[in-house]
Chemist: 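One structure, as structure tokens, below. Some questions next.
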Amino acid sequence: MLKATLRSFLAHKGRLLLSALAVVLSVAFVAGSLIFSDTVTRTFDRLFASTAADVTVSPKNDLKSRVATGATPTLAASLADRLAKVDGVAATHVDVSVENLTIVDRENKSIGPTSGAPTIATNWQVTKRSPVKLTSGHAPHGADEALLDADTAKHKHVAIGDTLTVQAERTFPVRIVGIATFTTTNPGAALLFLDTPTAQTNLLGSRDAATSIAVDAAPGVADAPLKQRIAAQVGTGTYEVKTADEQAKDAAAQLGGFLDVIKYVMLGFAGIAVLVGVFLIVNTFSMLIAQRTRELGLLRALGADRRQVRRSVLTEALLLGLVGSTLGLAAGIGLALGLIRLMSAFGMNLKSTEMVIGWPTPVTSYVVGVGVTFVAAYLPARRAAGVSPMAALSDAEVAGVGRPLRTRALVGSVVGVAGAAALAGCATASKTATSASLLGLGVVLTLIATVIAGPLLVRPVIRVLGGAFPALFGPVGRMSQRNALRNPRRTGATAAALMVGLALVGGMSVASASMSKSFDHQIDKTLGSDFVIQNSNFVPFTREITDKVRATQGAGLVVRQRFTPVAVRLPDGKRVETTAAGYDPRLDDVAHVTYTQGDTAAALGAGHLSMDAKFARDHGVRVGSVIPVEFPAERKTELTVGALTDQGGAGGFGMQGGLVFGFGTVEKYVPGGQDSALYVNAAPGTSPDRLRAHLEQTLKPYPQVQVRDQADYKKLVHDQIAVLLYLVYALLGLAIVIAVLGVVNTLALSVVERTREIGLLRAIGLARRQLRRMIRLESVVIAVFGAVLGLALGLVWGVCVQRVLALQGMKSLAIPWTTIVAVVVGSAVVGIVAALLPALRASRMNVLAAIAHE
């Protein structure tokens, strides 16, 4: 049996190749994502470990916020002298590091990275932990000298002697007097180095300010005991004291969010490849077993029992999984190498020679590849074991052997009803968490139900889709339609591969179109100013920009927006950390705020705040409630709820809870903050177009600052949503590639299966061109069938996703009919492309050899 199995595998290796490609793709994405993330993690772990001080003292920040406030937490630089006297301290260093700044060249072009990495200005001091070394020029001395990192200098064409302008706490020019080169991995940031007094004065506003104090331990002194001594000296109420290991772990945790995005995206591709590949493998093995009915019957007649036959088929699947996993692992290494080089193009210089391939990577790769293939081949293997020895004496095939379609109908109906009930519950639920959970359950169940019941839908749907074929293409059209109807299981499994990808794109297209329409409606509803001034990356900007906008010719009312992290203690006992927004008093002139109670004057008054009405209701807050509020640097106060808002998805103008208060409150409790946006109206007698021209001229020296009106805002939102769609389309592309492989495989095996039939058709007068057309039409109707099922399922999912979004205020539903039609047409094209090789092969058959084929 082992010899027979190996010979059978080698005899069918051409037919199994396309199935192996599905395994290769899925394993490649799994292996590539693991290798890349392990390499980045290891590289940055070394970077963080080598650059962290033995002990670091920094300002305490209990409030973590994803929204930048522009305020740089500082401590007194004189603290370094106190720490130097602590037992076990060898030396202390004042650190100054600021990220909320922009650096421009003489042409007012930003020299910062475009990859999302920060631009950092810091003080130059050479220690054993420095990640860079001076490679040309000299160290900076005085207020007008600076160093620049070599990668930024190279990419932005900056040379020694060039003058740059730094826009930070204050705007000041610097002359580049040296180039510093990274000795470890360049994380992609742009680094500017100043001498310490200049950095303190120009970046922090004071010669006695620092962002942290680095402490070097004396020889033989461990970090942990030294940390305890320093904490005892400075206390832990105002400062955070961390060892080098703790610093490295914190930095790695922050990097982990970036890595998780890449890892989950790649694992998403792997998941799609696995899911679609399962259908391909099931179909391939089912057809191979159907074609080997006589062979399997002879094995049974010669004494092989059911278990041996089943084991033979599963051994073939195991071999296919091993080959596919090995090739996939090699492809994954190549994919990881490509990602490393791609990161280098974006400024993160990882070394391919330091690629990390840990033992979990090959183990996971083989588990995925072999496991998927083995599981997918199990049902066909059981079907093979059911072949009777008498089958060797007939020409019958067992393609239809197995549980009858009525069993599928029963199981599919039960699962489908459960899925439909979950989706109905999702559409009617009143809480977001409940609705989202039911949505996930409904999507899984309806997908399973459609796959199970797919063969039941083949005959009614394909009769409709191919109904015009006989009239348009005559007997060839009729035969193509009947070929697609001949084996509903095979047609359903082939179409299922395409259905998965198109269901995904259909659902996400509806969701994204609905989000875009909802945001458009929200912008129209809430934004009342002529223009909004913001940084392109939404970080705060310097006060100098605010002053210049106010002084711009034609500018009338200017209302400032400033964010701050806060923590509120609510009447139900919960402590919620969120981000609040502060505004100038005349907010009503630049925004349309809907209040359920109170008004803007009450919301922005001294000692008051406003809150989202739903959030307030959930936590037992009423107008007049006094809420304890914590600001950064442990500043605390109590504010009275003066108004409740209902801004739909906007949640007020803040984040969770929609907390808004007057600008004076923000300035009082978060001094040193920066404005996040300016809402600007044209002065009387000045047209918006003229004001825009003046604003753009004023902001020309600040390339990072954008002037946007309503149309610009809508385009910005659409572009951001499009990024998600591009990912979905990439997943769709992968699914289509594998689905095309499935259609090619099905048609190729079908041609082999129908060799004698094709020979007879050619003998009675069917031309080569007509034969190719028949196979192409069969492929098209199968592909369109998969598209119709997928889009129908996707539309239902998309509508349910919109109902979940509606609970967050995005209540508009939009169906992108243009995309739907384009996908159906594209599916027909996919069918034509997939049929090219099988049709060509069929048309080249020798007629007499085909008729004599057994």
Side-chain angles (χ1 to χ4, degrees), residues 51-63 69-101 120-130 139-147 166 168-170 172 174 191-219 221 223-244 246-247 250 631-636 668-674:
T51 57
D54 295 330
V55 177
T56 301
V57 181
S58 57
K60 191 170 185 178
N61 183 17
D62 291 332
L63 300 176
T69 65
T72 301
T74 61
L75 45 70
S78 56
L79 180 63
D81 296 332
R82 285 176 54 197
L83 297 179
K85 299 175 183 178
V86 174
D87 184 31
V89 173
T92 58
H93 309 278
V94 171
D95 285 337
V96 177
S97 180
V98 174
E99 295 184 15
N100 55 320
L101 79 164
I120 303 173
T122 184
N123 59 318
W124 175 258
Q125 54 183 356
V126 179
T127 68
K128 62 181 181 180
R129 306 183 315 275
S130 300
H141 300 289
D144 65 339
E145 293 186 352
L147 300 181
V166 181
E169 177 75 16
R170 62 186 67 178
F172 59 97
V174 293
L191 267 66
L192 185 80
F193 299 92
L194 309 168
D195 69 7
T196 299
T198 301
Q200 290 174 305
T201 303
N202 290 345
L203 300 179
L204 303 179
S206 171
R207 287 286 295 270
D208 188 37
T211 52
S212 64
I213 305 295
V215 179
D216 293 337
V221 178
D223 293 353
L226 183 58
K227 171 189 172 180
Q228 293 177 352
R229 296 173 197 164
I230 292 174
Q233 175 69 25
V234 301
T236 56
T238 307
Y239 303 104
E240 283 185 335
V241 184
K242 294 181 180 179
T243 64
E246 292 169 340
Q247 282 281 91
D250 284 352
F631 291 92
E634 297 195 326
R635 296 183 178 92
K636 299 179 181 180
K668 179 179 180 181
Y669 294 101
V670 192
Q674 296 179 339

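Since we're looking at a predicted model, the values are computed, not measured.
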Chemist: Which side-chain N or O atoms in residues 208-217 pair as donor and acceptor under 3.5 Å with protein atoms at least two apart or in another chain?
Modeler:
{"from": "Asp208", "atom 1": "OD1", "to": "Ala77", "atom 2": "N", "distance (Å)": "3.4"}
{"from": "Asp208", "atom 1": "OD1", "to": "Ser78", "atom 2": "N", "distance (Å)": "3.1"}
{"from": "Thr211", "atom 1": "OG1", "to": "Asp95", "atom 2": "O", "distance (Å)": "3.0"}
{"from": "Thr211", "atom 1": "OG1", "to": "Ser97", "atom 2": "N", "distance (Å)": "3.1"}
{"from": "Asp216", "atom 1": "OD1", "to": "Arg129", "atom 2": "NH1", "distance (Å)": "2.8"}
{"from": "Asp216", "atom 1": "OD2", "to": "His93", "atom 2": "NE2", "distance (Å)": "2.9"}

Chemist: Please identify each residue that fulfils ring pair (Phe, Tyr, Trp, His ring centres under 6.0 Å) with Tyr669, with sequence neighbours left out.
Modeler: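 Only Phe631 meet the ring pair (Phe, Tyr, Trp, His ring centres under 6.0 Å) criterion with Tyr669.
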Chemist: Judged by atom type as modelled, is there a donor-acceptor pair below 3.5 Å linking the side chain of Asn202 to the main-chain atoms of Phe172?
Modeler: no
Chemist: Any chance you could measure Thr243, atom OG1, to Asp54, atom CG, to the nearest 0.5 Å?
Modeler: 9.5 Å
Chemist: Name all residues meeting the side chain to side chain contact (heavy atoms under 4.5 Å, CB included) criterion together with Ala232; count only those two or more places apart in sequence or in a different chain, and write none if there are none.
Modeler: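 Expected list: none.
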Chemist: Can a donor-acceptor pair be found, under 3.5 Å and without considering hydrogens, that links the side chain of Arg229 to the backbone of Val86?
Modeler: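 Checked: no pair found.
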Chemist: Work out which heavy atom in Val234 is nearest to a heavy atom in Leu79; give both atom names and the distance.
Modeler: CG1-CD1, 3.8 Å
Chemist: Could you tell me the separation between the CZ atom of Arg207 and the OG1 atom of Thr198, rounded to the nearest 0.5 Å?
Modeler: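 The distance works out to 8.0 Å.
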Chemist: Given side chains that start at C-beta, do those of Pro671 and Arg635 come closer than 4.5 Å, heavy atoms only?
Modeler: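 The answer is yes; the side chains approach within 4.5 Å.
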Chemist: In Å and rounded to the nearest 0.5 Å, what is the OG1 to CZ distance from Thr122 to Phe193?
Modeler: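 If we round to the nearest 0.5 Å, Thr122:OG1 and Phe193:CZ are 6.5 Å apart.
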Chemist: State the CD1-CZ distance between Ile230 and Arg82, to the nearest 0.5 angstrom.
Modeler: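 Interatomic distance, Ile230 CD1 to Arg82 CZ, rounded to 0.5 Å: 11.0 Å.
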Chemist: So, for Leu203 and Ala168, which heavy atoms are closest and what is the spacing to 0.1 Å?
Modeler: CD2-CB, 3.8 Å
Chemist: Show the nearest heavy-atom pair for residues Val94 and Ala80, with the distance to one decimal.
Modeler: CG2-CB, 4.1 Å
Chemist: If we only count heavy atoms from C-beta on, is the Pro140 to Leu194 side-chain gap below 4.5 Å?
Modeler: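 Pro140 vs Leu194: side chains apart.
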Chemist: Could you grab the distance from atom OG1 of Thr92 to atom NZ of Lys85, nearest 0.5 Å is fine?
Modeler: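 One gets 11.0 Å once the value is rounded to the nearest 0.5 Å.
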Chemist: Is the shortest heavy-atom distance from the side chain of Val57 to the side chain of Gln233 under 4.5 Å?
Modeler: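 Not in contact.
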Chemist: Which heavy atom of Ala143 sits nearest to which heavy atom of Val174, and what is that distance?
Modeler: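 Nearest pair, atom of Ala143 first, then Val174: O-CG1, 4.3 Å.
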Chemist: Determine whether Asp195 and Glu145 make a side-chain contact, defined as any pair of heavy atoms from C-beta on separated by less than 4.5 Å.
Modeler: no
Chemist: Rounded to the nearest 0.5 Å, how far apart are CG of Asp250 and OG1 of Thr56?
Modeler: 10.0 Å
Chemist: So Arg170 and Thr201, do their side chains get closer than 4.5 Å, heavy atoms only?
Modeler: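 A side-chain contact under 4.5 Å exists here.
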